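What you see is a predicted model; the values in this text were computed from it and never measured.
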Amino acid sequence: MFARQCTRLATARTSVPLTSYLARVRGYSSAAGSYEHILTSVPKPGVGLITLNRPKALNALFTPLFKELNEALTNYDNDKSIGAIIITGSEKAFAAGADIKEMAPLSFSKAFSENFIAPWSHLATSIRTPVIAAVSGYALGGGCELALMCDILYCTETATFGQPEIKLGTIPGAGGSQRLTRAVGKSKAMELILTGKMFSGKEAGEWGVAAKVVPGGKEELLEQAYKTAEAIASHSRVAVVAAKEVVNKSQDLPLKEGIEYERRLFHALFGSKDQKIGMTAFAEKKKPEWSNE
């Protein structure tokens, strides 16, 4: 949801046209590079990159952007050549919040009957490919929630996170109260959400919100995200999807049931081709050549 709008406008960046590049390198249709509010590219083998691209609004989130984001995520998720996805923004803002112009006029009946912002959770509910958030600058309100939806979160030391919806007379609506509490614990989450207080990228690392805090700017941040994404993409897609699933289940199930679920999926992987490929290659001291089956 929306966090405090920042008054300064982000500097618009020029970008290399992606349409011809994607069509040439990966056989995508021209539509793959024609989004209005995001940019898509494949910067490394097996890695899909999505860049939020509303610079004048500091990447404020609204329904048209999420429609594009969900489409791009689904396309990458269905692409057998993509093993990991990165979502990022600009140097100044990952996403400064949700667009208040879209939300302010809503009535309860309209928001409730149309299930407003439910599609914003598509990333968390439907995407099986691992997703890394690379956060520089502001990640407030809905921007913080979007980052928390991702499987791995990297940020710069100077990134700024927060759920300041309370200052607008409302509360987080895209999972912030649930995911932030799981990350930092009830007491700290309560403090942050009830006061609207922001916290730094450095604190995000100390509190377990971020897996890695990167000194420097967005370029250094993306290099770290690329390394991790390439490492994930180098493994069996079948095993990676299964591993993501069991870790996510740990957030929903009691320990005993979670361990049983893990064991069942572990057993199931003995029916995959990649389990045989991986173990045979290990025994023969060779590099596995995954079939992703």
Side-chain angles (χ1 to χ4, degrees), residues 1-3 37-38 40 47-52 59-79 82-89 94-95 97-99 103 111 114-135 139-155 159 161-163 165 171-185 189 192-193 204 207-212 225 228-229 232 237 240-253 258 261-262 265:
M1 294 181 65
F2 175 77
H37 306 297
I38 64 172
T40 58
V47 179
L49 176 66
I50 300 173
T51 304
L52 307 182
N59 293 333
L61 304 172
F62 70 149
T63 298
L65 183 150
F66 265 96
K67 286 182 178 179
E68 295 183 355
L69 176 61
N70 291 346
E71 180 182 323
L73 285 166
T74 300
N75 286 341
Y76 282 143
D77 198 40
N78 292 333
D79 187 335
I82 296 296
I85 303 167
I86 298 171
I87 299 177
T88 194
F94 178 75
D99 196 329
M103 294 192 301
E114 296 181 0
N115 208 10
F116 177 59
I117 78 170
W120 293 22
S121 296
H122 176 72
L123 162 60
T125 60
S126 302
I127 302 303
R128 304 180 79 193
T129 305
V131 182
I132 301 171
V135 178
L140 303 176
C144 184
E145 290 171 307
L146 176 60
L148 290 170
M149 287 182 211
C150 296
D151 301 301
I152 300 171
L153 196 163
Y154 287 177
C155 66
F161 296 89
Q163 299 288 168
E165 291 87 351
I171 62 172
S177 65
Q178 307 303 300
R179 294 189 177 92
L180 186 60
T181 301
R182 282 168 168 77
V184 303
L192 293 169
I193 291 170
W207 297 346
V209 175
K212 182 172 290 186
T228 300
I232 293 170
R237 182 174 173 84
V240 166
V241 169
K244 172 175 171 171
E245 185 171 321
V246 294
V247 173
N248 282 335
K249 282 294 182 182
S250 75
Q251 303 300 293
D252 303 325
L253 299 175
Y261 187 91
E262 176 194 74
L265 209 51

task = Could you walk me through whether His122 and Thr74 pass side chain to side chain contact (heavy atoms under 4.5 Å, CB included), step by step?
result = CA-CA 9 Å; His122 176 72; Thr74 300; 2.9 Å; yes
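In this structure the side chain of Pro130 never reaches within 4.5 angstrom of the side chain of Ile152, judged on heavy atoms. A heavy-atom distance below 4.5 Å is found between the side chains of Asp151 and Asn248. Side-chain contact check for Phe94 versus Asn59: every heavy-atom pair is 4.5 Å or farther apart. By the 4.5 Å heavy-atom criterion applied to side chains, Leu146 and Leu69 are counted as neighbours. A heavy-atom distance below 4.5 Å is found between the side chains of Glu71 and Asn75. Between Phe161 and Leu192, the closest side-chain pair of non-hydrogen atoms is not below 4.5 Å. The shortest distance between side-chain heavy atoms of Ile193 and Ser177 falls below 4.5 Å. Residues Thr63 and Phe116 meet the side-chain proximity criterion, which asks for heavy atoms closer than 4.5 Å.
Between Asp77 and Arg237, the closest heavy-atom pair is O-NH2, 2.7 Å. Across Ala60 and Leu65, no two heavy atoms sit closer than the pair O-CD1, 4.1 Å. Listed here is the closest heavy atom pair of Ala95 and Leu52: CB-CD1, 4.1 Å. Contact record, Leu61 with Gly143: CD1-N, 3.7 Å, taken as the closest heavy-atom pair. Residues Tyr76 and Thr129 approach most closely at O-OG1, 4.5 Å, considering heavy atoms. Between Ala139 and Cys144 the shortest heavy-atom distance is O-CB, 3.2 Å.
Residue Ile127 holds its CD1 atom at 7.5 Å from NZ of Lys244, rounded to the nearest 0.5 Å. In this structure, CD in Glu145 is found 4.5 Å from CD in Gln163, a value given to the nearest 0.5 Å. Taking CD1 of Ile132 as the start and CD1 of Ile232 as the end, the distance is 4.5 Å to the nearest 0.5 Å.
Taking the six-membered ring for Trp and the full ring otherwise, the centers of His37 and Phe62 sit less than 6.0 Å from each other.
In this structure, Thr181 has no side-chain hydrogen bond (donor to acceptor under 3.5 Å, both in side chains) partners at least two apart in sequence or on a different chain. For Ala134, the side-chain contact (heavy atoms from CB on, under 4.5 Å) test picks out Ile86, Thr88, Leu221, Leu222, Ala225, with sequence neighbours left out. With sequence neighbours left out, the side-chain hydrogen bond (donor to acceptor under 3.5 Å, both in side chains) criterion links Lys249 to no other residue. Partners of Asn70 under the side-chain hydrogen bond (donor to acceptor under 3.5 Å, both in side chains) rule, at least two apart in sequence or in another chain, do not exist in this structure. Taking the side-chain hydrogen bond (donor to acceptor under 3.5 Å, both in side chains) definition, one finds that Thr51 meets it with nothing, sequence neighbours left out. Under the side-chain contact (heavy atoms from CB on, under 4.5 Å) criterion, Lys212 pairs with Tyr154, Val214, Gln224, sequence neighbours left out.
Just one of Leu73, Val135, Leu49 meets the side-chain contact (heavy atoms from CB on, under 4.5 Å) condition when paired with Ile87; it is Leu73.
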